[in-house]
There are 2 protein chains.
Amino acid sequence: MNIRKPRFRGDPAGEGCPVEYTLDIIGGKWKGVLLYHLIDGTKRFNEFRKICPSITQRMLTLQLRELEEDGIVCREVFQQVPPKVEYSLTDLGRTLVPIILHMKQWGESFRKCEQLPK
Amino acid sequence: MNIRKPRFRGDPAGEGCPVEYTLDIIGGKWKGVLLYHLIDGTKRFNEFRKICPSITQRMLTLQLRELEEDGIVCREVFQQVPPKVEYSLTDLGRTLVPIILHMKQWGESFRKCEQLPK
DNA sequence: CGGTATCCGGCCAGATACTG
DNA sequence: CAGTATCTGGCCGGATACCG
């Protein structure tokens with residue numbers, strides 16, 4: 001599994017395809033899962049780590065920051081000890097929910113097709 | 001814009017999230033555009049190059065091969081000179097069309113939001 | 001708890017040349 | 001026309017250590 005993630009803001013030769021634009025935002029290595037788990041409510045940093053044990057701290061931070069930059073996710077810092085940070089979907093982020101759910105449904109329906117012996 | 005593409009078949013720690021599974025298939029650097037342009041019919045190799053002038057021959061081949069491996073795209077070779085190869089959506093590929101169109105629609109609707117001065 | 005900072009190997013992807 | 005082959009740089013992303 002090599003999950004390099006795209007992101008080509010600026011899109012030098014991007015032909016401005018809207019599909020690419022959308023994929024640029026949600027297609028990141030972990031963004032799909034992160035967004036999916038944000039659908040049912042606010043999450044804290046370490047909650048994500050429990051949900052996705054294989055994501056590193058670094059990658060989690062980076063992916064969340066990108067989603068934040070794109071206005072998809074809201075990061076709320078509580079000034080207290082111990083620190084607490086909550087992540088949630090923005091209004092813009094919520095407009096992506098149907099797509100995420102659709103992709104989830106598709107994945108569930110067709111994953112089994114790949115299991116077939118080649 | 002750095003467009004590394006994912007693909008993590010095998011998914012050692014993938015948590016088996018269906019969303020990730022779907023993104024693994026359509027989230028490739030160029031797959032969104034390629035699939036989108038296949039919606040309205042069969043395309044030849046060089047037609048894609050005209051549509052996406054910035055994609056290299058190598059990448060086009062690789063992306064199409066992956067889509068083919070995943071059973072999304074059908075590659076049909078015509079034994080003739082000069083050679084002719086046609087690409088089209090498979091039945092499985094066609095089940096992705098609603099998602100692609102949905103992403104296109106989202107991209108069109110919200111791209112403008114990014115134009116706003118930060 | 002929720003992060004940075006830094007180092008570094010590996011793979012992605014571009015460029016270029018060649019082919020059936 | 002529709003590819004393959006090869007080389008290479010650069011970024012992705014893991015590991016580790018440290019911090020407010």
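We name chains A, B, ... by the order of the sequence lines, and we start the count at 1 in each one. These figures come from a predicted structure and were not determined experimentally.
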From NZ of B:Lys29 across to P of D:dG10 the rounded distance in Å is 15 Å
Is the terminal nitrogen or CZ of A:Lys43 (NZ for Lys, CZ for Arg) located under 6.0 angstrom from the six-membered ring centre of A:Phe48 and within 45° of that ring's axis?
no
Check A:Leu64, A:Ile51, A:Ile26 against A:Leu34 for a side chain to side chain contact (heavy atoms under 4.5 Å, CB included) and give me the one that passes.
A:Leu64
Over how many whole Å does the gap from B:Glu86 atom CD to D:dC1 atom P extend?
15 Å
A:Lys104/A:Glu108 ion pair, N-O < 4.0 Å:
yes
Write down the distance between CG (B:Leu64) and C1' (D:dC1), rounded to a whole number of angstrom.
14 Å
Assign B:Arg49 to base, sugar-phosphate, or nothing according to its heavy-atom contacts below 4.0 angstrom with the strands shown.
nothing
Rounded to whole angstroms, how far apart are CD on B:Glu47 and C1' on D:dC1?
12 Å
Does a side-chain N or O from B:Thr56 land closer than 4.0 Å to OP1 or OP2 of C:dG14, or not?
yes
Rounded to the nearest angstrom, tell me the gap between atom CE in A:Met59 and atom C1' in C:dT4.
15 Å
Within the 4.5 Å heavy-atom criterion, are B:Ser88 and B:Glu76 side-chain neighbours or not?
no
Please work out if A:Arg58 contacts a base, only the sugar-phosphate, or nothing of the nucleic acid, heavy-atom cut-off 4.0 Å.
base
Whole angstroms only, please: what is the CG-C1' distance between A:Asn46 and C:dG2?
7 Å
Base, sugar-phosphate alone, or nothing: which one does B:Tyr87 contact when heavy atoms must sit under 4.0 Å apart?
sugar-phosphate
Are OP1 or OP2 of C:dT4 and a side-chain N or O of A:Arg65 less than 4.0 angstrom apart?
yes
Side chain of B:Phe45 (C-beta onward), nearest among D:dG3, C:dT4, C:dC1:
D:dG3
Let me know, please, whether A:Pro83 or A:Leu62 comes out on the 5' side of the other along DNA chain D by nearest nucleotide.
A:Leu62
Out of C:dA15, C:dG3, D:dG3, which nucleotide sits closest to the side chain of B:Arg75?
D:dG3
Could you state the atom-to-atom distance from CD of B:Gln57 to P of C:dG14 in whole Å?
13 Å
For atom CZ of B:Phe48 and atom C1' of D:dG3, their distance in whole Å:
15 Å
Can you see which heavy atom on B:Phe110 is nearest to which on A:Tyr21, and at what distance?
O-OH, 3.5 Å
